[in-house]
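Okay, structure first, notes after.
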Amino acid sequence: MLAAHSTHRCIVRDLTNHGACLQLPSTADLPDEFDLTFDAGRTLRKCRVAWQTLTNVGVSFERSSAD
């Protein structure tokens with residue numbers, strides 16, 4: 001079970017305005033929705049898992065109500 005807040009390091013393999021492909025050591029414990037940051041938490045992108053393999057995950061960025 002994951003803690004309420006956890007950090008996973010990943011490699012960004014592909015990035016668009018609509019989503020990203022991330023590479024992790026394992027996607028087994030990754031939740032269906034999470035926040036992604038590229039700058040140590042100063043900004044967050046809400047993500048939803050679109051697909052995943054054992055080590056890669058494709059996410060779509062959720063639109064905020066301001067978008």
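- Arg45 CZ to Glu62 CD: the interatomic distance, rounded to the nearest 0.5 Å, is 10.0 Å.
- Note that the OG atom of Ser6 and the CZ atom of Phe34 stand 10.5 Å from one another [nearest 0.5 Å].
- Nearest heavy atom pair, residue Arg9 against residue Pro25, reads O-CD, 4.1 Å.
- Remark: Asp32 CG to Cys47 SG distance equals 12.5 Å, nearest 0.5 Å.
- Checking Thr37 against Asp35 by side-chain atom types alone, no donor-acceptor pair falls below 3.5 Å.
- In this structure, Leu22 and Leu36 have side chains that are in contact, with non-hydrogen atoms separated by less than 4.5 Å.
- The shortest heavy-atom contact between Pro31 and Val49 is O-CG2, 3.5 Å.
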Under 3.5 Å donor-acceptor pairs involving side-chain atoms of residues 54-61, not counting sequence neighbours:
none

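- One distance of note links CD of Gln52 with OG of Ser26; it measures 9.0 Å at 0.5 Å rounding.
- No path of Ile, Leu, Val, Met, Phe, Trp and Tyr side chains, each step under 4.5 Å between heavy atoms, connects Leu30 with Leu44, placing them in separate hydrophobic clusters.
- Judged as a side-chain contact (heavy atoms from CB on, under 4.5 Å), and not counting sequence neighbours, Asn17 has no contacts.
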